[in-house]
Amino acid sequence: MSRDYQTQTPIAARVVEFIQESDAIFTLRLQLEDAAERARYQFMPGQFNMLYLFGVGEVPISIVSDPLDDDIIDHTVRVVGRVTRGLAQLKKGDRLGLRGPFGHGWPLALARDKDLLIVTGGLGCAPVVSAINYALKRPEHYRKLSIVQGVKHANDLIWQHRYDDWREREGVEVLLAADEAGPAWPFHVGRITELLDHVTTAYDNCVVMICGPEGLMQRAAELLLEKGVPPYSIYLSMERNMQCAVGHCGHCQLGADFICKDGPVFVYPDIRERLLQEGV
Ligand SMILES: Cc1cc2nc3c(=O)[nH]c(=O)nc-3n(C[C@H](O)[C@H](O)[C@H](O)COP(=O)(O)OP(=O)(O)OC[C@H]3O[C@@H](n4cnc5c(N)ncnc54)[C@H](O)[C@@H]3O)c2cc1C
Ligand code: FES
C-alpha cells in the first residue's frame with residue numbers, strides 16, 4: 001500500500017555534511033537513511049521540508065538543492081530560536097527526522113523562454129536559492145536571469161563567491177545593495193528597490209520571484225507593476241510559524257489560505273490585499 005509521505009511521522013535522515021556559512025547561518029546536507037525513501041523523494045524549487053530535531057521540535061525549512069542533484073537534500077538555516085539553535089549543534093553522522101516536501105514551489109515551467117527576475121531581501125534568500133540553481137543549470141530554458149539581492153549591512157551578505165561566480169555567466173545579471181556599507185563595498189548603497197531601476201530584464205515578458213520581509217516584497221511587487229510587469233507574473237514566497245504543514249492546525253492561516261498547503265509560493269494578485277493586513 002502506498003504511504004502518504006506528507007502527513008506521516010518523520011522519516012530518518014542523516015547529516016552527511018555540516019557547513020558553517022556565517023556566525024548564525026549553516027547548511028545541513030541530509031540523506032534519507034532508507035534507500036526506498038531516497039528513491040521516492042522528489043521536490044521542486046520553492047518547496048520545504050519539516051525538520052524534526054528529536055525531543056526538541058520541528059521547523060519548516062526550504063530545500064536549496066537542485067531536484068536533479070544526487071540524493072543529498074540541502075537546507076540553509078538561520079539560528080533564531082530553540083529548534084534552529086539545536087539544529088546548529090548537529091554534526092556529520094547525526095540523525096534527525098524529515099517530513100516533506102510540502103507546498104507549491106516556484107513556477108519555473110511558466111518562466112520558460114522568458115526573462116527570470118529574482119528579488120531577494122535580507123537573510124531570507126533560502127527559498128529562491130534552489131530556483132537560481134535550477135535556472136543556472138538550464139540556461140537554455142531562460143532568456144536572461146537577473147538576481148537582485150539586498151541586505152541591511154554589507155557584512156550580512158553570505159555567499160559572496162557565489163554571486164561573483166553567477167555574475168560571470170552568460171545571460172546572468174547580479175545586482176547587490178546594502179543599506180549600510182563601508183568604503184570597501186563595491187556595490188550599491190541604499191535600498192534594494194532602488195536596484196529595480198537598473199535591472200535590464202524585459203518587464204513585459206518576465207516572471208518575477210520575490211522572497212524576503214513582507215514589506216519589502218510588497219514594495220518590490222508594486223514597483224514592478226508600475227514598470228509594466230503583468231500582475232500574474234509576480235510570485236512571492238510567504239512565511240509563518242507552522243506546525244502540521246498539511247492544512248490542519250491553522251497556525252499558518254493567511255485569510256482563506258494556508259501557507260503550508262496553498263503556498264508558500266503565491267501569485268501576487270491572489271494575496272495583494274491580505275499581505276500587510278494585520279490579523280489575517
Ligand atoms: C515555508 C517556510 C520556509 C522556511 N525556510 C527557511 C529556510 O530555508 N531557512 C531558515 O533559516 N528559515 C526558514 N524558515 C523559517 C524557520 O522555519 C523559522 O526560523 C523556525 O521555525 C524558527 O524556529 P525556532 O524554534 O528556531 O525559533 P522559535 O523559538 O520558534 O522562534 C524564535 C523567534 O522567531 C520567530 N519566528 C519563528 N518562525 C518564524 C517564521 N516562520 N517567520 C517569522 N518569524 C518566525 C518567533 O516568533 C520568535 O520571535 C522558513 C519558514 C517557512 C514557513
Ligand atoms: S501549518 Fe498547520 S495549517 Fe499550515
Side-chain angles (χ1 to χ4, degrees), residues 4 6-8 10 13 18-30 43-66 73-90 96-106 118 120-134 149 151 156 158-159 209-217 235-266 271 274-276 278 280:
D4 182 350
Q6 296 194 330
T7 58
Q8 292 225 346
F18 182 102
I19 304 168
Q20 194 72 50
E21 308 280 6
S22 72
D23 286 353
I25 298 177
F26 59 95
T27 294
L28 283 177
R29 311 202 71 212
L30 303 179
F43 70 92
M44 279 304 289
Q47 288 192 294
F48 65 96
N49 286 321
M50 295 297 287
L51 298 187
Y52 178 47
L53 188 60
F54 300 121
V56 181
E58 208 183 22
V59 285
I61 301 291
S62 306
I63 306 157
V64 294
S65 1
D66 185 279
I73 314 166
D74 292 345
H75 305 80
T76 295
V77 185
R78 180 160 63 110
V79 175
V80 297
R82 213 163 51 92
V83 180
T84 47
R85 228 180 353 255
L87 291 173
Q89 302 306 314
L90 290 172
L96 70 163
L98 181 153
R99 292 190 293 139
F102 293 109
H104 296 283
W106 299 107
I118 293 190
T120 161
L123 300 171
C125 66
V128 291
V129 171
S130 88
I132 293 173
N133 288 335
Y134 187 94
Q149 159 90 54
V151 286
D156 295 337
I158 59 166
W159 296 329
M209 301 175 183
I210 315 179
C211 178
E214 290 183 15
L216 162 82
M217 292 200 289
Y235 290 80
L236 317 180
S237 184
M238 298 289 293
E239 271 197 22
R240 285 288 187 282
N241 280 322
M242 289 185 180
Q243 279 197 0
C244 70
V246 290
H248 291 164
C249 72
H251 271 80
C252 69
Q253 196 149 4
L254 178 73
D257 292 317
F258 296 102
I259 289 175
C260 62
K261 131 176 127 53
D262 304 308
V265 174
F266 291 89
I271 53 165
R274 290 176 274 165
L275 193 57
L276 289 182
E278 283 188 13
V280 292

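Keep in mind that what you see is a predicted model, and the values were worked out from it rather than measured. Just the heavy atoms: all of them, side chains too, but no hydrogens, waters or symmetry mates, feed the values below. Start at 1 and go down the list; that is how both ligands and their atoms are numbered. In this chain, numbering begins with 1 at the start of the sequence shown.
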Just checking: H251, one of its N/O/S atoms, less than 2.8 Å away from atom 4 (Fe) of ligand 2, yes or no?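 Given the 2.8 Å cut-off, H251 does not count as a ligand of atom 4 (Fe) of ligand 2.
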Within the structure, does [X] bring an N/O atom to less than 3.5 angstrom of an N/O atom in ligand 1?
{"X": "P60", "value": "yes"}
{"X": "N241", "value": "yes"}
{"X": "V83", "value": "yes"}
{"X": "I61", "value": "no"}

Heavy-atom pairs closer than 4.0 Å: do any link ligand 2 to the side chain of Q253, the backbone, both, or neither?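 Near ligand 2, Q253 shows nothing, with every heavy atom at 4.0 Å or more.
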[X] side chain near [Y] side chain, heavy-atom distance below 4.5 Å:
{"X": "I63", "Y": "F48", "result": "no"}
{"X": "L275", "Y": "M238", "result": "yes"}
{"X": "P60", "Y": "F102", "result": "no"}

Counting from 1, what ligand 2 atoms have a heavy atom of [X] closer than 4.0 Å?
{"X": "M242", "value": "1 (S)"}
{"X": "F258", "value": "3 (S)"}
{"X": "A245", "value": "1 (S), 2 (Fe)"}
{"X": "G247", "value": "3 (S)"}
{"X": "H248", "value": "3 (S)"}
{"X": "Q243", "value": "1 (S)"}

side-chain contact (heavy atoms from CB on, under 4.5 Å) between I118 and Q149, intermediate numbers included: CA-CA 8 Å; I118 293 190; Q149 159 90 54; over 6 Å; no
Per-atom contacts of ligand 1 with [X], taking only distances under 4.0 Å to non-hydrogen atoms:
{"X": "R78", "value": "10 (C), 11 (O)"}
{"X": "T84", "value": "24 (P), 26 (O)"}
{"X": "A126", "value": "7 (C), 8 (O)"}

Please give me the minimum heavy-atom distance between [X] and [Y], naming the atom from each residue.
{"X": "M217", "Y": "I210", "result": "SD-O, 3.6 Å"}
{"X": "P213", "Y": "G121", "result": "CD-O, 3.8 Å"}
{"X": "E239", "Y": "E214", "result": "O-OE2, 4.1 Å"}

Rounded to the nearest 0.5 Å, how far does [atom2] of [Y] lie from [atom1] of [X]?
{"X": "L90", "Y": "L30", "atom1": "CG", "atom2": "CG", "answer": "8.5 Å"}
{"X": "W106", "Y": "I132", "atom1": "CH2", "atom2": "CD1", "answer": "10.0 Å"}
{"X": "D74", "Y": "I61", "atom1": "CG", "atom2": "CD1", "answer": "13.0 Å"}
{"X": "C252", "Y": "K261", "atom1": "SG", "atom2": "NZ", "answer": "9.0 Å"}
{"X": "R82", "Y": "L87", "atom1": "CZ", "atom2": "CG", "answer": "11.0 Å"}
{"X": "T76", "Y": "F26", "atom1": "OG1", "atom2": "CZ", "answer": "9.0 Å"}

May I ask which of G263, G103, S62, P127 has a heavy atom nearer to atom 5 (N) of ligand 1 than the others do?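 Looking at heavy atoms only, the winner is S62.
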Among R240, E214, R82, which one has a heavy atom closest to atom 53 (C) of ligand 1? R240
Who's the nearest protein heavy-atom neighbour of [atom], and how far?
{"atom": "atom 20 (C) of ligand 1", "answer": "V59 CG1, 3.6 Å"}
{"atom": "atom 1 (C) of ligand 1", "answer": "F48 CD2, 3.6 Å"}
{"atom": "atom 3 (S) of ligand 2", "answer": "G250 N, 3.2 Å"}
{"atom": "atom 27 (O) of ligand 1", "answer": "G81 CA, 3.2 Å"}
{"atom": "atom 40 (C) of ligand 1", "answer": "E239 OE1, 3.6 Å"}
{"atom": "atom 34 (O) of ligand 1", "answer": "V80 CG2, 4.0 Å"}

Taking backbone and side chain together, does C249 place any N/O/S atom at a distance below 2.8 Å from atom 2 (Fe) of ligand 2? yes
Backbone or side chain, does C244 get an N/O/S atom under 2.8 Å to atom 2 (Fe) of ligand 2?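 Coordinating: yes.
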Scan the protein's non-hydrogen atoms and note whether one is under 4.0 Å from [atom].
{"atom": "atom 10 (C) of ligand 1", "result": "yes"}
{"atom": "atom 17 (O) of ligand 1", "result": "yes"}
{"atom": "atom 13 (C) of ligand 1", "result": "yes"}

Is it true that a side-chain atom of R240 and a backbone atom of C260 form a donor plus acceptor pair closer than 3.5 Å? no
Angle subtended at atom 4 (Fe) of ligand 2 by SG of C252 and SG of C260, nearest 10°: 100°
Under the side-chain contact (heavy atoms from CB on, under 4.5 Å) criterion, do V246 and F258 qualify, and how do the steps go? CA-CA 8 Å; V246 290; F258 296 102; over 6 Å; no
Heavy atom under 4.0 Å from ligand 1: found in T76's side chain, backbone, both, or neither? backbone
Tell me which one of N49, V64, T27 satisfies side-chain contact (heavy atoms from CB on, under 4.5 Å) with H75.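 With H75 as partner, side-chain contact (heavy atoms from CB on, under 4.5 Å) holds for just one option, N49.
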Salt-bridge contact E21-R78 (side-chain N to carboxylate O under 4.0 Å): no
